Amino acid sequence: MFTGRTKNLGILGWPVEHSLSPAMQNAALQKAGLDYVYVALPVQPKHLGDAVAGLRHMGFAGWNVTIPHKSEILPLLDDVHEDARVIGAVNTVVRSGEKLIGYNTDVAGFLAGLEAAGCTAEGKHAVMLGAGGAARAVLWGLCKSKVSDIVVGVRNPQKAQALADDFREYGRISVFHWANDVFAEALSQAELLINTTPIGMYPKVDDMPPVELKRLPKSALVYDIIYTPEKTKLLQEAERLGHSVVNGEPMLVGQGAEAFRLWTGVQPDEALMRRILREGLV
Ligand code: NAP
């Protein structure tokens with residue numbers, strides 16, 4: 001039962017009605033016996049400043065941040081954790097005393113996916129497809145894991161170069177069109193292939209990133225951060241060729257679990273969170 005003492009959490013975005021986070025977080029909060037409630041906070045971009053001031057004054061314990069507010073919220077916070085600062089996006093806010101601190105738990109989520117696959121990225125040659133918002137968290141996760149180098153394959157190298165430049169000081173990163181011979185050569189040396197594009201995501205489940213999987217060494221892990229469908233065409237093909245694969249589900253659960261830990265200091269039931277998510281996903 002919620003009382004006057006119940007602490008408030010939520011997800012700030014526009015739109016947010018399709019978010020699975022309220023179901024996932026409330027189930028985990030209830031299971032842990034914590035007196036919190038997690039609600040949807042639909043806020044139009046033009047009202048973000050007022051909304052953050054309101055949440056601050058209403059004493060919210062914290063909240064998740066989703067599209068389109070992840071970068072715009074940065075200057076409205078009192079402090080920003082290194083992961084969020086480097087990535088340039090906040091997906092979790094935590095109240096600490098009077099201060100609002102911004103975090104990015106997508107990095108922990110991405111690393112949870114590697115761990116779930118039993119993969120240690122340190123020293124490995126990594127190839128990443130795509131250079132959008134999620135790619136920034138993946139790139140930072142790879143740099144933090146001390147991979148040997150990262151080759152980014154994209155359809156628009158000029159645009160992606162800006163992303164590589166942002167991370168230049170943290171690792172050896174190069175960008176190529178994925179039809180370039182140098183990219184094909186990198187693929188043949190890769191120990192880790194990560195898809196961060198939405199190619200193959202529901203409903204276009206027959207689509208697949210244009211990479212020659214046959215070039216990839218058999219021992220390479222193929223990681224697709226897409227979580228709908230559970231197994232993209234890329235993962236199906238990779239599995240058929242004998243690769244270990246991991247989908248975006250551990251990343252999705254992992255980012256939520258890390259936010260839960262930051263708000264409450266308690267370890268959530270991640271198996272329960274995964275079950276609730278899977279029930280709500282396509
Ligand atoms: P985004 O910011 O729109 O970036 C998408 C990237 O993919 C861009 O580099 C884009 O290239 C490229 N791309 C998109 N469609 C393409 C196509 N048809 N052909 C070639 N390149 C294409 O999206 P995002 O937020 O990074 O999300 C990407 C995917 O990650 C989505 O499927 C999302 O569901 C998933 N995701 C998963 C998690 C998780 O927790 N598992 C978290 C975040 C995101 P251009 O720049 O040239 O347009």
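Source: prediction; values computed, not measured. Ligands are counted one by one from 1 in listed order, and the atoms in each one are counted from 1 as well.
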Practice task
Might you work through the ring pair (Phe, Tyr, Trp, His ring centres under 6.0 Å) test for Trp140 and Tyr170, ending with a clear yes or no?
Solution key: CA-CA 8 Å; Trp140 179 228; Tyr170 306 115; 4.9 Å; yes

Exercise for the section: Give the C-alpha distance, both sets of side-chain angles, the deciding distance and a yes or no for side-chain hydrogen bond (donor to acceptor under 3.5 Å, both in side chains) between Asn64 and Tyr38. Expected result: CA-CA 10 Å; Asn64 282 130; Tyr38 184 108; 2.6 Å; yes

Could you pull out every donor-acceptor pair under 3.5 Å between side chains of residues 248-259 and any protein atom, sequence neighbours left out?
unit_1	atom_1	unit_2	atom_2	d
Glu249	OE1	Arg278	NE	2.6
Glu249	OE1	Arg278	NH2	2.3
Gln255	NE2	Leu252	O	2.9
Glu258	OE1	Arg261	NE	3.2
Glu258	OE1	Arg261	NH2	3.1

Could you list the donor-acceptor pairs under 3.5 angstrom formed between side-chain atoms of residues 216-226 and any protein atom two or more places apart in sequence or on another chain?
unit_1	atom_1	unit_2	atom_2	d
Tyr223	OH	Phe110	O	2.9
Asp224	OD1	Asn195	ND2	3.1
Asp224	OD1	Ile226	N	3.1
Asp224	OD2	Asn195	ND2	3.4
Asp224	OD2	Thr232	OG1	2.7

Pick out the protein N or O atoms lying less than 3.5 Å from any N or O of ligand 1, and list each pair with its distance.
unit_1	atom_1	unit_2	atom_2	d
ligand 1	2 (O)	Gly133	N	2.9
ligand 1	9 (O)	Ala131	N	2.8
ligand 1	9 (O)	Gly132	N	3.3
ligand 1	19 (N)	Arg155	NH1	3.4
ligand 1	21 (N)	Arg155	NE	3.4
ligand 1	26 (O)	Gly133	N	3.2
ligand 1	26 (O)	Ala134	N	2.8
ligand 1	40 (O)	Leu252	N	3.4
ligand 1	41 (N)	Ile225	O	2.8
ligand 1	41 (N)	Gly248	O	3.0
ligand 1	46 (O)	Lys159	NZ	2.8
ligand 1	47 (O)	Arg155	NE	2.9
ligand 1	48 (O)	Arg155	NH2	2.9

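The pair Glu185-Arg215 does not meet the salt-bridge criterion, since no charged nitrogen lies less than 4.0 angstrom from a carboxylate oxygen.
Every residue meeting the side-chain hydrogen bond (donor to acceptor under 3.5 Å, both in side chains) condition with His125, not counting sequence neighbours, appears here in chain and number order: Asp149.
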